[in-house]
2 protein chains.
Amino acid sequence: MRINFELLDLRAFLAVLETGSFHKAAEQLNLSQPALSRRIKQLEETLGAPLLERTTRRVAATVVGRELQPLLVRLLDELESSVLSMSATGKLQHGQVTIACVPTAAFYFLPQVIRQFHAAHPNIRIRILDLSASEGLKSVAQGECEFGISMLGSADPELTFTPLMDDPFVLACHRDHPLAARKSVEWGDLSNELLIGVSRHSGNRTILDNALANANVRLNWFYEVNHLSTSLGLVETGIGISVLPRLATPQDDHPTIVTLPILGPVVSRTIGIVERRNGRLSPAAARFRALLAESRSTPPGCPLSTLS
Amino acid sequence: MRINFELLDLRAFLAVLETGSFHKAAEQLNLSQPALSRRIKQLEETLGAPLLERTTRRVAATVVGRELQPLLVRLLDELESSVLSMSATGKLQHGQVTIACVPTAAFYFLPQVIRQFHAAHPNIRIRILDLSASEGLKSVAQGECEFGISMLGSADPELTFTPLMDDPFVLACHRDHPLAARKSVEWGDLSNELLIGVSRHSGNRTILDNALANANVRLNWFYEVNHLSTSLGLVETGIGISVLPRLATPQDDHPTIVTLPILGPVVSRTIGIVERRNGRLSPAAARFRALLAESRSTPPGCPLSTLS
DNA sequence: CGAAATTGATGCGCATGGCGCATCAATAGC
DNA sequence: GCTATTGATGCGCCATGCGCATCAATTTCG
């Protein structure tokens, strides 16, 4: 059996029991009394049982109506709260934005943008999935978050990429290391060093390997770890040096670690916003994305596969 | 915020996600594709956030849509099952009838009528509130059951009464009692006996007292108990005799108790159907009541206060 | 890479359903 | 018994929701 009535019918029934009057219930629902009377009659016919016993001066629920009333109150209350929540989300008064972000970019972009966004929309929560680049792209592709902040990765025609900034790879070494006294180094300077790197399957490593292959530079990756932060930890112990994205290194002076630009050529990864090609952002997510884009103005997004 | 959409909108949204197609969802809901497209669009505008991401070949829920979907599935499933239940009740395919009945009448009227009703409507349950006469009338008046089987009690203008049968008061005594050998007795025969009776506030006692006052008969109520069955129990011990409604006495031969008609005059209580004056019965209750009435045809009900 | 098939969105006109007004019948209070 | 009020019904009107036709976009296939 298909549902063959409307929400207004159910609300009319509940309003009559609440107010004790067809007239008052009609007022409550912005209807005339005859319109409400017809709605009640139609609902009773649809359900095949009387719900109300009434005279011109009195109204009460039948036994069937008594059974139905608490159920309808609960269902309509739940529906109404969820609608209220949806509507508040739509008006940026309440809700949540879910985005994926590679951890190294999170610390750079998000604090300031989150501060701005929160000041403007104090009741909207930001939910950040801190995932690896590949996991983050997958999360966006599968619709688990509204967009992601990531870097150029595998070409996926379903995703678009809006660059925000270039993040150069730099050298990280212990203060006591001979190279630490330089203002910058070249790739050739690193040829004889024992280098600490991340997994060869990671996005960062893929970008780096491609760029260096083009420049005929070969490096000696002696240690391989899974997380950039582990690279930094090992550098701190002095057992080797590492090539890392700038954002993954300490932003301020560090007691034991020195970071130096690597020239000839400068190799960078591009950090940007990843979205589904036909995605539609909720108003809150759209606003958050706008603030992100403003923090670094760039041309409109295009498919990843067209970026060189 | 008021609910400003319809059940069909919600069902359209869920149907699209279930079928993966506006076309197929429209078919499912007996709409054309443009009509369904408009419903989705209107729902999204009402809620202030997109629910679906779609191209001409593909459709998926947004993050907001994903959050809403399980809630709506549950709410609409519950609504649909309760409507199915109501509809089955309306068509006498399923449901429940609740009536109040004084215990002494229950054994007489209900077994046969319940058998007939159950044969015709095997999936409708009969719920019997076995209450005293006064409690039964109150339950009917307050809408806790659809009607009651009771006797003439306090005049309540909100209730109507349809007589089913007259139930005479009879003498119950031990087989060894001197009166047991008679075929009948008169009230005068009881003047010098120690009588067991129920509470002077009970319906039965009120009827009896009124009738005997009119006939200038005075009885000696020596013992007073709360339940008619207790009267019978005491009669069985031989400590006294009792005046009881015929229906409250053993219907068959009893090893120790004899029941005799009491003449000059015959005093009876009237058992009948009690209803709210403006009551509306569910179809099942209406059918059950009709079977009851058929078991003893009587004139249409009239207000209790007009019965002499 | 272009053509073809298919699908969601939109313009348009029409029919119907839901509405409010007027009124009736019933109810409750004085 | 009269009066005021309320729920139910008849009636006419109009706004809404519909389907048809069509467009633009998407995906598949040769």
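Since the model is a prediction, treat every value here as computed from it, not as a measurement. Throughout, protein chains are lettered first and strands after them, A, B, ... in sequence-line order, and every chain is numbered starting at 1.
Each of A/Leu36 and B/Lys24 has a nearest nucleotide on DNA chain C; the 5'-most of these lies closest to B/Lys24. The 5' end of DNA chain C is approached more closely, in terms of each residue's nearest nucleotide, by A/Arg39 than by the other of A/Arg39 and A/Arg57. Toward the 5' end of DNA chain D, the nearer of the two residues B/Leu8 and A/Asn278, judged by each one's closest nucleotide, is B/Leu8.
Going from atom CD of B/Gln42 over to atom P of D/dT16 covers 10 Å, rounded to whole Å. Between B/Phe5 atom CZ and D/dG17 atom C1' the separation is 18 Å, expressed in whole Å. We find that CZ of B/Arg38 is positioned 15 Å from C1' of D/dA15, with the value rounded to whole Å.
With a heavy-atom cut-off of 4.0 Å to chain A, the contacted part of DNA chain C has its first and last nucleotide at C/dG18 to C/dA28.
Neither side chain, A/Thr19 nor A/Gln28, offers a donor N or O lying under 3.5 Å from an acceptor on the other. Defined by atom type and a distance below 3.5 Å, a donor-acceptor pair is missing between the side-chain atoms of A/Glu144 and A/Thr98. B/Asn278 and A/Arg58 are not linked by any side-chain donor-acceptor pair at a separation below 3.5 angstrom, with hydrogens and angles left out of the test. One side chain, A/Asp166 or A/Thr270, offers a donor N or O that lies under 3.5 Å from an acceptor on the other.
In the displayed structure, A/Arg287 atom CZ is contacted under 6.0 Å by at most 12 heavy atoms of other residues, nucleotides or ligands. Within a 6.0 Å radius of CZ in B/Arg66, other residues, nucleotides and ligands contribute more than 12 heavy atoms. Around the CZ atom of A/Arg74, the shell of radius 6.0 Å holds more than 12 heavy atoms that belong to other residues, nucleotides or ligands.
Between A/Arg276 and B/Glu53 there is a salt bridge, since at least one side-chain N of the basic residue sits less than 4.0 Å from a carboxylate O of the acidic one.
B/Leu31 comes within 4.0 angstrom of sugar-phosphate atoms only, judged by non-hydrogen atoms across all strands, and of no base.
Taking only side-chain nitrogens and oxygens, B/Thr55 comes nearer than 4.0 Å to OP1 or OP2 of D/dT27.
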Please test B/Arg289 against B/Thr162 for side-chain hydrogen bond (donor to acceptor under 3.5 Å, both in side chains), starting from the C-alpha separation and ending with a verdict.
CA-CA 11 Å; B/Arg289 184 199 184 289; B/Thr162 305; 3.1 Å; yes
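Each end of the helix from C/dC1-D/dG30 to C/dC30-D/dG1 gets its own rotation axis from five pairs of C1' atoms, and the angle between them is 40° to the nearest 10 degrees.
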